[in-house]
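All remarks here apply to the structure that follows.
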Protein chains: 2
Amino acid sequence: MNTLAEENYLKAIYHLSLNDTNVSTNQIAAAINTKAASVTDMLKKLADKELINYEKYQGVTLTNAGEKIALHIIRKHRLWEYFLVEKLNFKWDEVHEMAEEMEHISSVELIDRLDKFMDYPKHDPHGDPIPDRDGNFKKHELKPIASLNVNESGVISGVRDHSPTFLQYLEKQQLTIGKKITVTDIIEYDNSMILQVENITTHISREVAKNLLIAI
Amino acid sequence: MNTLAEENYLKAIYHLSLNDTNVSTNQIAAAINTKAASVTDMLKKLADKELINYEKYQGVTLTNAGEKIALHIIRKHRLWEYFLVEKLNFKWDEVHEMAEEMEHISSVELIDRLDKFMDYPKHDPHGDPIPDRDGNFKKHELKPIASLNVNESGVISGVRDHSPTFLQYLEKQQLTIGKKITVTDIIEYDNSMILQVENITTHISREVAKNLLIAI
DNA sequence: TAAAAAATTTAGACTTGTCTAAAAATAAAT
DNA sequence: ATTTATTTTTAGACAAGTCTAAATTTTTTA
Ligand SMILES: [Mn+2]
Ligand SMILES: [Mn+2]
Ligand SMILES: [Mn+2]
Ligand SMILES: [Mn+2]
């Protein structure tokens, strides 16, 4: 099949494609923690395998075959994260690095059985959708809490920043997936927000409000 | 830590050490499906890391550090096999190849939690002992059914051949781990054996009798 | 115990994936 | 529309792991 390195490139390109239609060499290099020259080498290999569309200097897009592989890796990543949290009781800020390794386990039958074992979860611990075995998922439309006005509310459904420190902060503030929040005030001076989270009042910075997402 | 290749070499050396104190280059090459020249290269690297004791032309033994790593990989392999059979309902002949990949997942915390999740199993689906987190396990003494005389009996506790075809054959004959068997007759002509397995009578070849193990 | 056979190691080469430094192309700024 | 800055690609090198073919060592056999 594909090497571990190839899989990581395809996954990175997929994620970057969500923000930009054409993904640049430098973007990939930054995402994957390598140098641009290394990326160029790999892009040639992936293009040879017809997993990406690549024109020199013009950036890349995934072909259907490439996207299918990327989605399968993401499916595995998110199912293993769900397993680690729901079955092995890890916290949501602890599972990403382990899933980075587990997503490369190749057996399709294994991942389908794991999916069934957990009763076909639709979202991972961070609120991200889990593709089914055919790569399909309903992409829920989300928006940042920062876009709300006073007295508007929503249900926390995702995060834009997956770093452990951010996730730990949210956990401490009880700002976790599924919680309903209401904006009770916005401080004009710094655009920070006062939230009502169930029966708790919390004050979050603009920065946090931009990275915490609610269902539309 | 150690690379995937290094881990596979250490594991192979460990398994071969159970039969011979000094493990030869050719034995390793056969076990790992490589050429002797490649093995020699790797032995030098492992010796540099002080994971094996290596003297040119004399074969190798594991150091304590090397054995510890090997046992940890074997622990992971067998725990994942147990998981696949007990939680995901795979058959005992289907899990080895998947475990060959999963045994390289690095997190120690993950494997300890998996161990706890399954309530600290002592043996994998093939009857092999699962080392604890310190590498300790009680090596059960086993002997082949072939060593029994007429009217002697024992409990099936392991296999000497782990190939899917052998395991499938055993499954079909109900000759699975935990079953009590009694030798009711031995055919002198070919040394094949008639077994009573609970309320079923089965006829097995000498070859099979040598590879099916019972607790002493 | 000397010759033959088998096992092991060395030498040199190849692939994958990475890097630095330099060249080329594109984009931005005057 | 040039010049300047940024991005991307090429050139050449390196480490890990493997291979074949040849040399060396050990073991076996006569
Ligand atoms: Mn993740
Ligand atoms: Mn996630
Ligand atoms: Mn196995
Ligand atoms: Mn096993």
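Quick note on labels: first sequence line is chain A, next is B, and so on, each numbered from 1. Heavy-atom basis, side chains included; hydrogens, waters and symmetry copies ignored. Everything numeric here is computed off the predicted structure, so don't read it as measured data.
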Measure from the ring center of His126(A) to the ring center of His162(A) and say whether it is less than 6.0 Å.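 When the ring centroids of His126(A) and His162(A) are compared, they turn out to be within the sub-6.0 Å range.
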Checking all strands, does Ser38(B) fall into the base, sugar-phosphate, or nothing category for heavy-atom contacts under 4.0 angstrom?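 Base contact.
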Specify the separation, in whole Å, of atom CG of Leu43(A) and atom P of dT9(D).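 Rounded to whole Å, this separation is 7 Å.
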Separation of dG17(D) C1' from Ile32(B) CD1 (nearest whole Å):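 Taking CD1 of Ile32(B) and C1' of dG17(D), I get 11 Å after rounding.
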Roughly how far, to the nearest 0.5 Å, is the CD1 atom of Ile28(B) from the OG atom of Ser38(B)?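 Reported to 0.5 Å precision, the distance equals 12.0 Å.
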Return the CD to CZ distance between Glu109(A) and Phe90(B), rounded to the nearest 0.5 Å.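 The distance works out to 5.0 Å.
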Kindly say if [X] contacts the phosphate of [N], meaning a side-chain N or O under 4.0 Å from OP1 or OP2.
{"X": "Ser24(A)", "N": "dT8(D)", "result": "yes"}
{"X": "Lys45(B)", "N": "dA15(D)", "result": "no"}
{"X": "Tyr9(B)", "N": "dA16(D)", "result": "no"}
{"X": "Thr40(A)", "N": "dT9(D)", "result": "yes"}

Are Arg75(B) and Asp134(B) close enough for a salt bridge, meaning some N to O gap below 4.0 Å?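 No, no charged N to carboxylate O under 4.0 Å.
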Can you give me the first and the last nucleotide of DNA chain C (5' to 3') that has an atom within less than 4.0 angstrom of a non-hydrogen atom in chain A?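 Result: dT16(C) to dT26(C).
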Cation-pi, Phe117(B) ring and Lys87(B) (6.0 angstrom, 45 degrees):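 Yes, Lys87(B) lies over the aromatic ring of Phe117(B).
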Polar atom pairs (N or O), protein with nucleotides 21-29 of chain D, under 3.5 Å:
{"unit_1": "dT25(D)", "atom_1": "O4'", "unit_2": "Tyr57(B)", "atom_2": "OH", "d": "3.3"}

